[in-house]
There are 2 protein chains.
Amino acid sequence: MRRISESTISRLSLYYRTLETLQRENVTTISSGELARSNKFTPAQVRKDLSFFGSFGTRGLGYPVSELKDKIASILGLCKTWNVALVGVGNVGSALVSYKEFQRQGFIIKKIFDNDLRKIGKNHKGILVSDVKNLNMELKENKIEMVIIAVPSSEAQKVVDEVVGAGVRTILNFATTNLKVPENVVLRSVNMAMELEHLSYALANQKR
Amino acid sequence: MRRISESTISRLSLYYRTLETLQRENVTTISSGELARSNKFTPAQVRKDLSFFGSFGTRGLGYPVSELKDKIASILGLCKTWNVALVGVGNVGSALVSYKEFQRQGFIIKKIFDNDLRKIGKNHKGILVSDVKNLNMELKENKIEMVIIAVPSSEAQKVVDEVVGAGVRTILNFATTNLKVPENVVLRSVNMAMELEHLSYALANQKR
DNA sequence: ATACTCTTGTGAATTCTTTCACATATTTTA
DNA sequence: TAAAATATGTGAAAGAATTCACAAGAGTAT
Ligand SMILES: NC(=O)c1ccc[n+]([C@@H]2O[C@H](COP(=O)([O-])OP(=O)(O)OC[C@H]3O[C@@H](n4cnc5c(N)ncnc54)[C@H](O)[C@@H]3O)[C@@H](O)[C@H]2O)c1
Ligand SMILES: NC(=O)c1ccc[n+]([C@@H]2O[C@H](COP(=O)([O-])OP(=O)(O)OC[C@H]3O[C@@H](n4cnc5c(N)ncnc54)[C@H](O)[C@@H]3O)[C@@H](O)[C@H]2O)c1
């Protein structure tokens with residue numbers, strides 16, 4: 001199978017969200033056209049994206065909402081739960097821990113780590129804060145599959161190296177630095193400054 | 001001038017960050033090759049991106065770090081400051097308010113809004129929380145140019161409509177819904193769930 | 001001065017992504 | 001049961017983004 005582009009995966013996420021909503025509204029069938037409209041894509045784009053993974057629709061009718069949703073869930077790996085750890089229980093880290101939507105989606109925050117002695121050993125929204133010193137061991141022991149990095153940018157590479165060393169293959173990063181990971185590790189970064197810069201670019205270069 | 005792609009703008013952000021670091025390290029000159037390597041791009045990509053905006057390098061030598069940084073800042077609209085407002089002072093909103101790096105970059109959070117009576121009128125990290133009822137008026141009065149939306153997803157469209165109604169042209173959204181804005185408004189969304197789903201896709205489909 | 005090295009800037013080639021357009025399958029209507 | 005309507009699935013076309021490859025400018029060494 002041809003390698004699937006990142007934009008296709010992003011769009012699948014969006015389709016998935018739309019399908020969740022439709023399911024709640026008891027809509028049973030949706031056409032590529034309607035699915036496209038609700039996300040500002042084209043119908044052809046929707047069909048092409050789905051066609052990479054199989055053919056899920058009925059000609060003349062459209063796609064069955066609940067089946068398609070399940071199928072996308074299976075493609076995106078949302079049928080099982082994932083063991084997630086968070087490193088850095090500061091502003092961003094706290095927000096993430098308290099966000100129950102992730103758990104609901106199957107991303108279970110099993111362990112949280114910090115290096116601040118005032119935080120270690122305390123309960124944080126129901127989870128005990130562990131000492132980052134034991135990171136390697138605890139990641140392995142708890143079979144952690146994804147790690148979220150929310151430490152200060154200056155600490156991030158160090159933490160990433162440890163996380164990679166413990167065999168974790170996927171990392172979500174909130175720090176603002178360029179992090180280096182080996183080929184076989186998937187690192188994605190949430191870069192809010194970059195998003196703001198897209199906005200300032202738009203304002204600074206807006207055609208009058 | 002040909003329309004510049006979003007990916008070019010994203011890369012400029014990354015170049016900018018690298019140049020900031022280099023400047024701190026007193027590096028005066030950098031080649032496209034080195035600039036590429038530190039971000040896992042290709043040298044040709046770096047040169048092409050920059051060439052859309054002019055020719056800033058010296059053949060045989062490379063680019064002058066500090067000049068190039070300033071030039072990119074000017075392209076991205078980082079030379080001036082922008083008046084930003086935040087709506088929704090919850091977990092995410094609080095994290096953003098306390099993040100001083102944005103201010104340093106010129107994104108000045110002038111006003112913060114909430115609809116929770118327990119929060120309105122109180123000081124939040126040095127900024128008074130205003131009543132979202134006065135949103136329209138206050139956005140205009142304070143000449144707000146960008147708005148960050150950090151309200152629950154169910155409230156987001158309502159807030160966006162008001163913000164657009166007040167003439168704001170750029171919005172950064174943290175809610176997880178598909179928001180509709182008119183053509184001339186730039187909306188960017190930070191979608192952490194989507195990022196996690198890229199990771200689970202990678203794990204679920206990893207070649208062994 | 002001249003040769004040599006280095007690295008930019010950029011058309012052209014390539015690769016990747018999106019859109020088109022239509023044959024095909026299914027449902028609906030009559 | 002046949003015709004009309006609808007919407008998928010997919011090669012092919014078009015469009016974008018990336019990479020190639022090299023002429024040309026600038027510095028350095030001899
Ligand atoms: N707050 C924001 O809105 C925001 C926005 C954009 C980017 N970021 C980035 O997100 C990251 C976290 O930001 P924040 O505002 O939550 O910072 P923070 O200072 O509030 O939290 C960082 C936490 O990490 C802990 N920590 C420090 N070093 C550590 C280590 N080596 N191991 C484990 N824990 C360690 C600290 O004790 C603290 O609890 C930073 O890299 C920041 O650049 C934050
Ligand atoms: N917390 C996270 O880690 C996280 C992760 C991903 C996405 N999000 C999204 O970010 C948004 C904010 O999340 P949060 O965790 O900060 O939520 P939160 O509930 O902590 O904060 C929301 C804030 O918005 C205020 N609010 C509600 N309705 C409002 C209105 N109409 N006008 C003004 N203020 C209003 C509330 O009083 C509250 O202070 C949500 O849309 C959520 O889906 C959050």
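Proteins get letters first, then strands, A, B, ... in listed order; numbering begins at 1 in each.
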From CZ of Phe52(A) over to C1' of dG11(D), roughly how many Å is that when rounded to an integer? 12 Å

How many Å lie between CG on Asp49(B) and C1' on dA16(D), as a whole number? 13 Å

Heavy-atom neighbours of Lys100(A) NZ exceed 12 at 6.0 Å: yes

Just to confirm, is there a sub-4.0 Å distance from OP1 or OP2 of dA26(D) to any side-chain nitrogen or oxygen of Tyr63(B)? no

Lys111(A) bridged to Glu145(A) by N-O distance under 4.0 Å: no

Quickly work out the Leu50(B) CG to dT10(C) C1' distance and round it to whole Å. 13 Å

When we call it a touch if two heavy atoms are under 4.0 Å apart, what does Thr8(B) touch: a base, just sugar-phosphate, or nothing? nothing

Once you round it to whole Å, what is the distance between P of dG9(C) and CZ of Phe56(B)? 8 Å

Distance in angstrom units between Leu68(A) CG and dT8(D) C1', rounded: 13 Å

Classify the side-chain pair Thr177(A)/Ser153(A) by whether it contains a donor and acceptor separated by less than 3.5 Å. no

Does Ser32(B) place a side-chain N or O at less than 4.0 Å from the phosphate oxygens OP1/OP2 of dT8(C)? yes

Are Glu138(B) and Phe113(B) close enough that some pair of their side-chain heavy atoms sits under 4.5 Å apart? yes

Residue whose closest nucleotide on DNA chain D lies nearer the 5' end, Thr42(B) versus Thr58(A): Thr58(A)

Just wondering, more than 12 heavy atoms not from Gln103(B) lying within 6.0 Å of its CD? yes

Distance check needed: dC16(C) C1' versus Gln45(A) CD, whole Å only. 12 Å

Shorter than 3.5 Å, N or O on both sides, protein versus nucleotides 21-24 of chain C: list them out with atom names.
| residue | atom | partner | partner atom | Å |
| --- | --- | --- | --- | --- |
| dA21(C) | N6 | Arg47(A) | NH2 | 3.2 |
| dT24(C) | O2 | Arg59(A) | NH1 | 2.7 |

From CG of Leu35(A) over to P of dT6(D), roughly how many Å is that when rounded to an integer? 19 Å

For the residue pair Ser94(B) and Asn91(A), confirm or rule out a side-chain donor-acceptor distance under 3.5 Å. no

Any base atoms under 4.0 Å from Phe41(B), or only sugar-phosphate, or nothing? Heavy atoms, all strands. nothing

Please determine whether a side-chain nitrogen or oxygen atom of Arg11(A) lies at a distance below 4.0 Å from atom OP1 or OP2 of dT18(C). yes

Do Lys180(B) and Gln157(B) have side-chain N/O donor and acceptor atoms under 3.5 Å apart? no

Phosphate OP1/OP2 of dG9(C): any Ser55(B) side-chain N/O under 4.0 Å: yes

Measure from NZ on Lys40(A) to P on dT18(C) and round the result to the nearest Å. 16 Å

Pairwise 5' ranking along DNA chain C for Leu61(B) and Lys48(A), keeping only the more 5' one: Leu61(B)

